[in-house]
Amino acid sequence: MQLSASLSQRLSGTALIPGDKSISHRALMFGALAVGETVITGLLEGEDVHATAGALSAMGAQVHRDHDGTWRVFGVGVGGLMEPQTELAMGNSGTSTRLLLGLMATTPITATLTGDASLSKRPMARVTKPLEAMGAQFVAREGVRLPLTVTGASLPRPLTYTLPVASAQVKSAVLLAGLNAPGLTTVIEPVATRDHTERMLQAFGATISIEDREEGRVIALMGEQELAPATIQVPRDPSSAAFPVIAALITEGSKITLPGMLLNPGRIGLYETLKEMGAKIAIENERMEGGEPVGDLSVEYSPLTAVAVPPERAPSMIDEYPALFAAAALAQGRTLARGLEELRVKESDRLAVMAEGLKACGVKVEEFEDGLAIHGTGGTPVPGGATVKTHLDHRIAMAFLTLGLAAQAPVTVDDATPIETSFPGFAALMSGLGAAIKAQGE
Ligand code: S3P
């Protein structure tokens with residue numbers, strides 16, 4: 001399905017962004033490991049989260065959706081998941097794959113995971129290595145890629161592990177495995193990453209300690225504890241909100257509000273960066289919901305100025321660079337973002353794919369091994385007029401549909417279907433704010 005975005009003005013209204021993807025995956029997984037009924041509201045009903053729900057059901061957890069959109073998970077207890085009878089289809093979802101591998105690594109079952117063409121290219125050694133040290137066995141395609149079969153340890157061993165890459169997925173995989181290993185499993189993060197797993201472990205009653213030490217953040221989890229069910233209200237996803245927020249910033253006369261947004265410090269690097277660029281973004285009504293900080297955002301059209309994004313900010317905005325690059329194309333000056341080698345192994349090689357698409361839209365870009373420099377127009381619409389390949393990457397599709405709203409000629413994405421993985425209803429929500437996004441030929 002192709003979608004096109006054309007020059008727009010004056011976006012306005014309230015954007016109700018779907019639930020946070022990271023928190024949604026974890027709520028289902030911890031619910032499946034607790035004893036009793038976990039109730040989840042605001043769950044993201046995207047394909048990635050459905051992949052997690054499907055896998056947990058196939059392993060014996062009961063996962064139900066009420067008519068009003070409330071989800072109920074009847075857990076089987078830590079270590080209680082059963083062997084699935086068929087392959088588990090992970091679709092496009094790296095988070096489902098890596099976190100579930102952790103969960104299965106210390107459960108004595110065998111399971112095979114498959115993925116789409118994008119997920120089947122992504123590296124899994126970053127999780128299989130520590131999980132092998134905990135006793136799991138893996139058979140995978142060359143380069144430790146999907147399809148992959150895991151056999152969980154029948155005598156799991158706890159682990160102390162220093163993360164070699166700043167990855168919340170790897171941290172979470174080791175902690176999930178540690179839940180069913182005797183004794184203390186410890187993860188040391190030299191660079192802090194999103195902490196939803198730690199927060200949720202606490203909400204489900206696990207004993208966990210978190211300390212900031214010289215070597216980094218040290219997270220220690222006592223294994224073989226029973227988890228108590230929880231009631232989780234999932235806040236709205238700041239990574240999805242990035243697109244309407246930037247759309248409002250770059251289209252003249254816009255003003256939109258986004259209530260109930262997740263404001264976890266490990267997730268709001270983009271918003272700090274945009275403010276440094278001159279964005280008028282106000283946060284009101286800050287509060288705690290379900291153990292996470294939440295607030296209401298209001299955003300107005302703002303002339304943007306280029307910045308150099310500090311590389312150490314990358315973990316707190318790792319999914320937001322495609323959106324940032326669209327904003328940078330309209331900023332005054334050269335925006336530089338480096339320290340981003342991880343972007344080459346996301347749903348697509350986001351540095352190469354963004355550079356190619358931006359150039360096709362008439363934007364001047366320099367590509368480095370670990371980042372991009374973007375020469376912005378200073379607010380004049382970019383030329384546009386290109387059809388961009390999305391390479392099965394939802395965020396590439398949304399970034400170019402956002403850029404097209406400030407382009408002289410429409411910007412088309414060749415395949416918008418991946419947007420369903422993380423932001424169902426994206427095109428309708430954007431159109432509701434006044435954005436000219438439509439199916440090709442409409
Ligand atoms: C996620 C962590 C990030 C992010 C992904 C979701 C998570 O990946 O890119 O979309 O939910 O833990 P890494 O931890 O691999 O950087």
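When a ligand or atom number is given, it counts from 1 through the structure's own listing order. One-based numbering along the sequence shown.
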### Task
Can you see which heavy atom on Gly60 is nearest to which on Met82, and at what distance?
CA-CE, 3.8 Å
### Message
For Ser431 versus Ile437, what's the shortest heavy-atom pair and its separation?
### Response
OG-O, 3.5 Å
### Message
Check this for me: does any side-chain nitrogen of one of Arg194 and Glu292 sit under 4.0 Å from a carboxylate oxygen of the other?
### Response
no
### Query
Will you find, in the side chains of Thr162 and Glu215, an N or O donor that is under 3.5 Å from an N or O acceptor?
no
### Message
Can you confirm whether more than 12 heavy atoms, excluding those of Gln137, are under 6.0 Å from its CD atom?
### Response
no
### Task
May I ask you to check if ligand 1 and Arg395 share an N or O to N or O distance below 3.5 Å?
no
### Query
What do we get for Arg26 next to ligand 1 when only non-hydrogen atoms under 4.0 Å count, side chain, backbone, both or neither?
side chain
### Task
Go through ligand 1 atom by atom and flag the ones less than 4.0 Å from a non-hydrogen atom of Lys346.
3 (C), 4 (C), 8 (O), 9 (O), 13 (P), 15 (O), 16 (O)
### Query
Looking only at heavy atoms of Ile318, does any of them come nearer than 4.0 Å to an atom of ligand 1?
yes
### Query
Measuring from the heavy atoms of Lys171, does anything fall under 4.0 Å of ligand 1?
no
Which residue and non-hydrogen atom of the protein lie closest to [atom], and at what distance in Å?
atom: atom 10 (O) of ligand 1; result: Asp319 OD2, 2.8 Å
atom: atom 11 (O) of ligand 1; result: Ser22 OG, 2.7 Å
atom: atom 6 (C) of ligand 1; result: Thr95 OG1, 3.4 Å
atom: atom 14 (O) of ligand 1; result: Ala168 N, 2.7 Å
atom: atom 15 (O) of ligand 1; result: Ser167 OG, 3.1 Å

#### Entry: Min side-chain heavy-atom separation Thr197-Phe30 under 4.5 Å
yes
### Any Pro84 side-chain heavy atom under 4.5 Å of Met59 side chain
yes
